[in-house]
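The next block holds one structure in the form of structure tokens; read it before the comments.
All values below were derived from every heavy atom in this structure, side-chain atoms included, with hydrogens, water molecules and symmetry-related copies excluded.
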Amino acid sequence: MNMGEQQARMAAKELEEIGVHILRQARNELYLGMRFLDVALSSFTYAISAKVDPVGTDGAAIYFHPSHLGGLYRTSRVLVNRAYLHMVLHCLFRHLGGRKERDERLWNLACDIAVESMIDGMFHRSVRFSRSMLRRDIYRRLKEQISVLNAQSIYRELKSWNLSSDQLEKLSVEYVVDDHVLWESQEERKRQEQNNKWKEIAEQMETDMQTFSKEASDQAGGLEQMLSVENRQKHDYREFLRKFAVLKEEPRLDPDTFDYVFYSYGLQLYGNMPLIEPQETREIKKIQEFVIVIDTSMSCSGTLVERFLEETYSVLSENESFFHKVHIRVLQCDERVQQEQVITNEEELRRYMEQLVLKGGGGTDFRPAFAHVERLVREGVFEQLKGMIYFTDGFGIYPKRMPPFETAFVFLEEDYRNRDVPPWAIQIVLSEDALLEV
């Protein structure tokens with residue numbers, strides 16, 4: 001190794017040490033103000049990389065471009081602190097593996113806005129930085145449409161804005177802090193491992209903020225609420241509806257009861273007469289009866305109701321979930337039951353959706369719908385009613401006693417907030433990504 005190569009290596013080593021020192025200093029400053037972030041802040045290794053500008057993460061390490069990170073530090077230590085926290089929040093909210101089939105550039109922007117809005121709402125001196133007029137305007141526009149500024153909701157709202165290339169570029173310049181080039185670089189197994197690791201950290205942090213670090217977490221803006229949203233356990237809609245399934249015979253060949261040995265033996269012995277045929281019916285668990293109640297109070301818009309019914313229709317269309325003949329009651333209710341529709345097959349539900357007219361518009365009282373359905377059960381209108389799905393914003397008068405069937409209150413993700421749902425009911429959040437999330 002010649003003298004020039006030695007000097008280059010020494011210079012690179014020195015730059016790496018400086019970069020690591022800057023990142024550790026940012027970590028320590030953040031920790032002093034936000035002790036509940038201790039595990040998250042310390043969950044990275046640090047590595048030099050020319051691929052990122054100025055920093056980026058894959059969930060396991062923070063990579064930094066030495067000269068660009070140094071330039072950011074010379075501008076302001078607060079900007080480095082914010083960049084570090086920005087990447088931590090990306091990981092806590094599991095943005096790194098969430099792009100799926102979305103538009104990459106718009107999804108990256110939505111994730112950055114979600115994280116920056118969270119940091120802009122914090123009151124810690126280590127990350128305090130004056131917000132531009134553009135940011136204030138964007139936050140105002142978003143909050144007029146969605147109550148929880150998570151990446152999924154922001155992405156849907158940005159799509160509806162139909163941004164031009166120039167507008168998208170302007171927003172990207174305003175909100176881009178870290179480089180997302182490493183987000184999709186890991187193989188699926190490692191990405192899932194990282195996702196599970198950060199999920200555990202986020203759940204522990206949420207518990208910590210609700211108990212031991214309650215006073216400190218009050219200064220963290222809406223971080224506790226956002227963690228609550230992101231930490232919800234996710235379930236597939238079909239899996240959820242299986243709670244309402246019943247065992248019943250259905251006209252359908254059952255290959256499991258067919259014995260090829262006896263069948264072949266009969267053909268050999270008698271020529272053209274098999275000894276056994278498959279049963280023409282079989283017992284199977286599917287959905288046959290359930291009730292959908294639509295809250296038609298002033299706070300529930302027709303667009304949201306239509307989206308909910310569309311999701312239900314998409315599941316009803318799948319033969320493996322429902323019997324061919326079903327009994328679904330759709331009730332429209334505000335302070336009282338305004339309309340009742342009986343649905344017996346997929347086509348009737350489709351027509352109901354196409355001709356949907358919401359009736360009501362008063363306050364919200366859940367009790368009339370429960371009383372009506374319980375009366376139908378007593379009168380024998382239902383054979384084996386397993387459950388009710390109540391689509392609502394959640395703000396109303398709940399029944400005090402548990403009904404004789406399972407009940408799920410369903411909320412739209414855009415309007416998600418913690419509600420005082422009775423302990424006997426299931427609380428579900430409808431989202432675009434996972435059809436229903438518990």
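- Side-chain contact between Ser126 and Met34: present, with at least one pair of heavy atoms (C-beta onward) separated by less than 4.5 Å.
- Annotation for Pro54 and Leu69: closest pair CB-N, 4.0 Å, computed over non-hydrogen atoms.
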*asked:* His327 vs Thr344, test: side chain to side chain contact (heavy atoms under 4.5 Å, CB included). Steps then yes/no.
replied: CA-CA 5 Å; His327 179 188; Thr344 61; 5.8 Å; no

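- Using a 4.5 Å cut-off on side-chain heavy atoms (C-beta onward), Ile138 and Leu171 make contact.
- A salt bridge is defined here as a Lys NZ or Arg NE, NH1 or NH2 lying under 4.0 Å from an Asp or Glu carboxylate O, and Glu174 with Lys170 fails to meet this definition.
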*asked:* With side chain to side chain donor-acceptor pair (under 3.5 Å) as the criterion, how do Asp334 and Gln338 come out once you've worked through the C-alpha distance, each side chain's angles and the decisive distance to 0.1 Å?
replied: CA-CA 7 Å; Asp334 49 12; Gln338 297 284 356; 3.1 Å; yes

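- Checked against the 6.0 Å centroid criterion, the rings of Tyr155 and Trp161 do not qualify as a close aromatic pair.
- Partner of Phe44 under the ring-ring contact (aromatic ring centres under 6.0 Å, His included) criterion, out of Trp198, Tyr63, Phe64: Trp198 alone.
- Closest non-hydrogen pair, Gly59 versus Cys91, comes out as CA-SG, 3.9 Å.
- No side-chain donor-acceptor contact under 3.5 Å links Gln145 to the backbone of Leu142.
- Note on Arg336 versus Asp365: no salt bridge recorded, every NZ/NE/NH1/NH2 to OD/OE distance being 4.0 Å or above.
- Heavy-atom minimum distance, Met122 versus Leu85: SD-CD2, 3.7 Å.
- Counting heavy atoms from C-beta on, the side chains of Phe370 and Val293 never come closer than 4.5 Å.
- In this structure, Asp38 does not pair ionically with Arg35, as no charged nitrogen and carboxylate oxygen lie closer than 4.0 Å.
- Surrounding CZ of Arg401 are at most 12 heavy atoms belonging to other residues, nucleotides or ligands under 6.0 Å away.
- Within the 4.5 Å cutoff, side-chain heavy atoms of Leu89 are placed close to those of Met118.
- For the residue pair Tyr73 and Gln25, a side-chain donor N or O sits within less than 3.5 Å of a side-chain acceptor on the partner.
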*Give the C-alpha distance, both sets of side-chain angles, the deciding distance and a yes or no for side chain to side chain contact (heavy atoms under 4.5 Å, CB included) between Asp53 and Val181.*
CA-CA 10 Å; Asp53 178 21; Val181 68; over 6 Å; no

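- Pairing each heavy atom of Ile389 with each of Phe290, the nearest pair is CD1-CE1, 4.0 Å.
- For the atom pair OG (Ser172) and CG (Asp112), the distance works out to 8.0 Å, reported to the nearest 0.5 Å.
- His21 is linked by a side chain to side chain donor-acceptor pair (under 3.5 Å) to nothing, counting only residues two or more places apart in sequence or in another chain.
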*Determine, stepwise, if the pair Met87 / Val177 fulfils side chain to side chain contact (heavy atoms under 4.5 Å, CB included).*
CA-CA 9 Å; Met87 289 181 286; Val177 173; over 6 Å; no

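- Side-chain N or O atoms of Ser117 include one that pairs as donor or acceptor with a backbone N or O of Ala114 at under 3.5 Å.
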_I'd like to know whether Leu158 forms a side chain to side chain contact (heavy atoms under 4.5 Å, CB included) with Leu163, so could you lay out the CA-CA distance, the side-chain angles of the two residues, the decisive distance to 0.1 Å, and finally the verdict._
CA-CA 7 Å; Leu158 291 177; Leu163 298 169; 4.3 Å; yes

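- A distance-only check finds no donor-acceptor pair linking the side chain of Gln341 to the backbone of Val330 [under 3.5 Å].
- In summary, Arg82 and Asp120 engage in a salt bridge, as defined by a charged side-chain N under 4.0 Å from a carboxylate O.
- Taking the centre of each ring, His90 and His180 come in below the 6.0 Å mark.
- For the pair Val20 and Ile22, the minimum side-chain heavy-atom distance is 4.5 Å or more.
- Salt-bridge check for Arg141 with Glu157: failed, with every basic side-chain N at 4.0 Å or more from each acidic carboxylate O.
- Ile294 CD1 to Cys333 SG: the interatomic distance, rounded to the nearest 0.5 Å, is 11.0 Å.
- Counting heavy atoms of neighbouring residues, nucleotides and ligands inside a 6.0 Å radius, atom CZ of Arg105 exceeds 12 of them.
- In terms of modelled atom types and a separation under 3.5 Å, the side chain of Asn196 and the main chain of Lys199 share no donor-acceptor contact.
- For the residue pair His372/Glu340, the side-chain donor-acceptor check at 3.5 Å is satisfied.
- The residue from Arg189, Lys197, Arg191 that alone fulfils the salt bridge (charged side-chain N to carboxylate O under 4.0 Å, His left out) condition with Glu193 is Arg189.
- Checking Asn81 against His124 by side-chain atom types alone, no donor-acceptor pair falls below 3.5 Å.
- The line from OG of Ser42 to CZ of Arg24 is 10.5 Å long, rounded to the nearest 0.5 Å.
- Thr75 contributes a side-chain N or O that, together with a main-chain N or O of Gly71, makes up a donor-acceptor pair within less than 3.5 Å.
- Nearest heavy atoms, Asp179 versus Val52: OD2-CA, 3.6 Å.
- Atom CD of Glu14 is surrounded by 12 or fewer heavy atoms from other residues, nucleotides or ligands within 6.0 Å.
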_Let's go through Glu16 and Tyr46 carefully: what are the C-alpha distance in whole Å and the side-chain angles of both, what is the deciding distance for side chain to side chain donor-acceptor pair (under 3.5 Å) to 0.1 Å, and is it a yes or a no?_
CA-CA 9 Å; Glu16 183 174 14; Tyr46 309 113; over 6 Å; no

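- Smallest separation of non-hydrogen atoms from Arg128 and Val78: O-CG1, 3.5 Å.
- Ion pairing between Arg367 and Glu335 fails under the 4.0 Å rule for side-chain N and carboxylate O.
- Here the straight-line distance linking atom OH of Tyr84 with atom OG1 of Thr57 works out to 9.0 Å at 0.5 Å rounding.
- Residues Leu96 and Gln194 have side chains not in contact (no heavy-atom distance under 4.5 Å, counting atoms from C-beta outward).
- With a 4.5 Å cut-off on side-chain heavy atoms, Ile154 and Ile146 count as touching.
- Side-chain contact check for Leu37 versus Leu92: some heavy-atom pair is nearer than 4.5 Å.
- Ring planes of Trp183 and His95: tilted class, angle from 30 to 60°.
- Rounding to the nearest 0.5 angstrom, the gap separating the NZ atom in Lys13 from the CD1 atom in Ile18 is 12.5 Å.
- The CZ atom of Phe366 sits 11.5 Å away from the OG1 atom of Thr407 when rounded to the nearest 0.5 Å.
- Aromatic pair Phe391/Phe409: ring centres not closer than 6.0 Å.
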